[in-house]
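Just so you know, these numbers use all the heavy atoms, side chains as well, and skip hydrogens, waters and symmetry mates.
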Amino acid sequence: MKFLRLIRIENIIMVILTQLLMSKAVIAPILRINELEQSTPFIAILLLILGTALISMGGYVINDYFDTRIDEINKPGKVVVGKTISRHKAMQFHQFLTISGVICGLYVAWQTRSFTIAALFVFIPGLLWFYSSTYKRQFFIGNLIVATITACVPFIIAITEGQFLRLAYGDIVVRSGVIADIYKWVGFFAIFAFTLTILREMVKDLEDEKGDRELECRTVPIVFGAQWTKVVVTLFTVALIVAINYVIFGLRLFVNYPLLQNFLLYGVCAPLVFFIMMLFRSNSAKEYALSQSILKFIMIIGVLFSVAFAYSV
């Protein structure tokens, strides 16, 4: 059980679900509308998802490796590295997971002849290392790194499909605008994931402020204070709500799809308003953890929007 906690199994399941739904519930319907078949072989999708999951697991392990002292203050009953698993074993485990994930990604990059995919699978593990060892203790940059990596989870599926389509159909598929449509729709999910992760990371910093302060970290709550951090989080949340409503009512992107409109309004926007209310009532680590849980729920709903998308189009 503690091993599953170490690799954040619930987050890994979310990563797998996100990439699978991007492939089958977003990209596949777009291609079907354009009378095209998916060009990405099943083995490539499988390796891409496996590689992303393994690198994510390795990132969680190395994060706990460097965060042992902070976790002993914030979550003494949940520390795994140094107790259930030795630090040496944790480092070996991180290396095995990360190298295995990179190999999976590089194989897909070789299949697609894509330097971009190869660079992502080499660059992201290094970024996770430096995030865990250094950047997460610096003002806002750690939040930005985690959000960017999270946004890459859905988007790398789009990049891969785009590369396989180019290999299968040549430049004609680029001129048709199909790849641009794939990037646009998956890009919406990536931006949503980026914004939600920024919010979650700042709320997590509020929850972990005690331990972070002991180790002289410079997180947003430590620099700005808890109340101003809540204001910053609220501004980000309001911006997200406004952006969603602009897409619905300004761009009228879903004018012919009432299911998608209602999904966004009642499944995403309404819980975001509730999150703001809960955040300003929160003053303890336990209450901030509850606010985080609301954001996790909204993230799940946002990913499941892809199922509504597939059903509607």
K.L.:
Between Ser23 and Gln38, is the side chain to side chain donor-acceptor pair (under 3.5 Å) condition met? List the steps.
P.N.:
CA-CA 9 Å; Ser23 176; Gln38 275 194 284; 3.2 Å; yes
K.L.:
If I take atom OG1 from residue Thr18 and atom CE from residue Met299, how far apart are they, to the nearest 0.5 angstrom?
P.N.:
7.5 Å
K.L.:
Is the shortest heavy-atom distance from the side chain of Phe93 to the side chain of Ile7 under 4.5 Å?
P.N.:
yes
K.L.:
Taking atom CZ of Phe66 and atom OG of Ser133, what is their separation to the nearest 0.5 Å?
P.N.:
5.0 Å
K.L.:
Could you pull out all residues at least two apart from Arg87 that satisfy side-chain hydrogen bond (donor to acceptor under 3.5 Å, both in side chains)?
P.N.:
Thr68
K.L.:
Is there side-chain contact between Leu21 and Val26, with at least one heavy-atom pair below 4.5 Å?
P.N.:
no
K.L.:
Kindly write out the residues that satisfy side-chain hydrogen bond (donor to acceptor under 3.5 Å, both in side chains) with Lys136, not counting sequence neighbours, or none if the list is empty.
P.N.:
Asn63, Asp67
K.L.:
If the condition is side-chain contact (heavy atoms from CB on, under 4.5 Å), which residues does Ile172 pass it with, not counting sequence neighbours?
P.N.:
Tyr169, Arg175
K.L.:
For Phe249, I'd like to know if atom CZ has over 12 heavy atoms of other residues, nucleotides or ligands within 6.0 Å.
P.N.:
yes
K.L.:
Would you confirm whether Glu201, through its side chain, and Thr197, through its main-chain N or O, come within 3.5 Å as a donor-acceptor pair?
P.N.:
no
K.L.:
For Leu290 and Met278, run side chain to side chain contact (heavy atoms under 4.5 Å, CB included): C-alpha distance rounded to whole Å, both residues' side-chain angles, the deciding distance at 0.1 Å, then the answer.
P.N.:
CA-CA 8 Å; Leu290 180 59; Met278 286 296 299; 3.4 Å; yes
K.L.:
Could you work out, with salt bridge (charged side-chain N to carboxylate O under 4.0 Å, His left out) as the rule, every residue matching Arg8, not counting sequence neighbours?
P.N.:
Asp64
K.L.:
Would you indicate whether the side-chain heavy atoms of Leu120 and Phe115 approach each other to under 4.5 Å?
P.N.:
no
K.L.:
Does any part of the side chain of Phe189, heavy atoms only, come nearer than 4.5 Å to the side chain of Val303, both counted from C-beta?
P.N.:
no
K.L.:
Starting from the C-alpha separation in whole Å, work towards a yes-or-no answer on side chain to side chain contact (heavy atoms under 4.5 Å, CB included) for Asn245 and Cys269.
P.N.:
CA-CA 8 Å; Asn245 278 270; Cys269 291; 3.8 Å; yes
K.L.:
Would you please test Ser291 and Ser282 for side chain to side chain donor-acceptor pair (under 3.5 Å) and show each step?
P.N.:
CA-CA 8 Å; Ser291 295; Ser282 301; 3.2 Å; yes
K.L.:
I need the Ile62 CD1 to Ser132 OG distance, nearest 0.5 Å.
P.N.:
6.5 Å
K.L.:
Working to the nearest 0.5 Å, report the span between CE of Met57 and OG1 of Thr52.
P.N.:
11.0 Å
K.L.:
Indicate the atoms forming the closest heavy-atom contact of Pro125 with Val102, along with that distance.
P.N.:
CG-CG2, 3.8 Å
K.L.:
Counting only heavy atoms not in Lys296 (residues, nucleotides, ligands), do more than 12 fall under 6.0 Å from its NZ?
P.N.:
yes
K.L.:
Just checking Glu10: does its CD atom have more than 12 heavy atoms from other residues, nucleotides or ligands closer to it than 6.0 angstrom?
P.N.:
yes
K.L.:
Linking I/L/V/M/F/W/Y whenever any side-chain heavy atoms sit under 4.5 Å apart, do Phe309 and Ile182 land together?
P.N.:
yes
K.L.:
For the aromatic rings, using the six-membered ring if either is Trp, is the centroid distance between Phe224 and Phe139 under 6.0 Å?
P.N.:
yes
K.L.:
For Phe297 and Pro271, which heavy atoms make the closest approach, and how far apart are they?
P.N.:
CE2-CG, 4.3 Å
K.L.:
Please name the pair of heavy atoms, one in Val313 and one in Pro29, separated by the smallest distance, quoted to 0.1 Å.
P.N.:
CG2-CB, 3.7 Å
K.L.:
Rounded to the nearest 0.5 Å, how far does OG1 of Thr150 lie from CZ of Arg200?
P.N.:
8.0 Å
K.L.:
Hey, are the side chains of Ile45 and Lys24 touching, using non-hydrogen atoms and a 4.5 Å cut-off?
P.N.:
yes
K.L.:
Kindly work out whether a path of hydrophobic side-chain contacts (I/L/V/M/F/W/Y, heavy atoms less than 4.5 Å apart) joins Ile141 to Leu199.
P.N.:
yes
K.L.:
Using a 4.5 Å cut-off on heavy atoms from C-beta on, say whether the side chain of Val122 contacts that of Leu106.
P.N.:
yes
K.L.:
Donor-acceptor check, side chain of Arg69 to backbone of Glu214, threshold 3.5 angstrom: yes or no?
P.N.:
no
K.L.:
Any donor-acceptor pair under 3.5 Å linking the side chain of His94 with the backbone of Gly58?
P.N.:
yes
K.L.:
To the closest 0.5 Å, what do you measure between CZ (Phe274) and CD1 (Ile298)?
P.N.:
9.5 Å
K.L.:
Indicate the ring-plane relationship of Trp185 and Phe254, choosing parallel, tilted or perpendicular according to the 30° and 60° boundaries.
P.N.:
tilted
K.L.:
State whether the number of non-hydrogen atoms from other residues, nucleotides or ligands found under 6.0 Å of Asn283 atom CG is greater than 12.
P.N.:
yes
K.L.:
Could you check if a side-chain atom of Ile241 sits within less than 4.5 angstrom of a side-chain atom of Phe236, using non-hydrogen atoms only?
P.N.:
no
K.L.:
Tell me, yes or no, whether the heavy-atom count around Phe280 atom CZ, taken from other residues, nucleotides or ligands under 6.0 Å, exceeds 12.
P.N.:
yes
K.L.:
So that I know where these two stand, are Phe155 and Tyr183 an aromatic pair - ring centroids less than 6.0 Å apart?
P.N.:
yes
K.L.:
Assigning hydrophobic clusters by single linkage (Ile, Leu, Val, Met, Phe, Trp, Tyr; side-chain heavy-atom cutoff under 4.5 Å), is Ile33 placed with Ile30?
P.N.:
yes
K.L.:
Quick one, Lys230 with Gln227, criterion side chain to side chain contact (heavy atoms under 4.5 Å, CB included). Give me CA distance, side-chain angles, the key distance, then yes/no.
P.N.:
CA-CA 5 Å; Lys230 291 179 184 180; Gln227 291 305 313; 3.6 Å; yes
K.L.:
Decide yes or no on side chain to side chain contact (heavy atoms under 4.5 Å, CB included) for Val203 and Leu295, but give the supporting numbers first.
P.N.:
CA-CA 10 Å; Val203 175; Leu295 290 178; 4.2 Å; yes
K.L.:
Among Ile179, Ile27, Thr160, exactly one meets side chain to side chain contact (heavy atoms under 4.5 Å, CB included) together with Leu165. Which residue is that?
P.N.:
Ile179
K.L.:
Look only at the side chain of Thr134 and the backbone of Tyr131, and say whether a donor-acceptor pair between them is shorter than 3.5 Å.
P.N.:
no
K.L.:
Identify the heavy atoms of Pro154 and Ala190 that sit nearest to each other, and give their distance.
P.N.:
CG-CA, 3.9 Å
K.L.:
According to side-chain hydrogen bond (donor to acceptor under 3.5 Å, both in side chains), who are the partners of Lys89, at least two apart in sequence or on a separate chain?
P.N.:
none
K.L.:
For the pair Thr219 and Glu209, evaluate side chain to side chain donor-acceptor pair (under 3.5 Å) and give the outcome as yes or no after the intermediate values.
P.N.:
CA-CA 8 Å; Thr219 61; Glu209 184 179 354; over 6 Å; no
K.L.:
Side-chain contact, heavy-atom cut-off 4.5 Å: Ser39 with Leu167?
P.N.:
no
K.L.:
Hydrophobic clustering (ILVMFWY, side-chain heavy atoms < 4.5 Å, transitive) - are Val268 and Leu304 grouped together?
P.N.:
yes
K.L.:
So if you build clusters from Ile, Leu, Val, Met, Phe, Trp, Tyr with side-chain heavy-atom gaps below 4.5 Å, do Ile191 and Val238 land together?
P.N.:
no
K.L.:
Could you pull out all residues at least two apart from Arg113 that satisfy salt bridge (charged side-chain N to carboxylate O under 4.0 Å, His left out)?
P.N.:
none
K.L.:
Any side-chain to backbone donor/acceptor pair from Gln138 onto Arg218? Under 3.5 Å, distance only.
P.N.:
no
K.L.:
Please report the shortest heavy-atom distance between Ile156 and Leu48, naming the atom on each side.
P.N.:
O-CD2, 4.0 Å
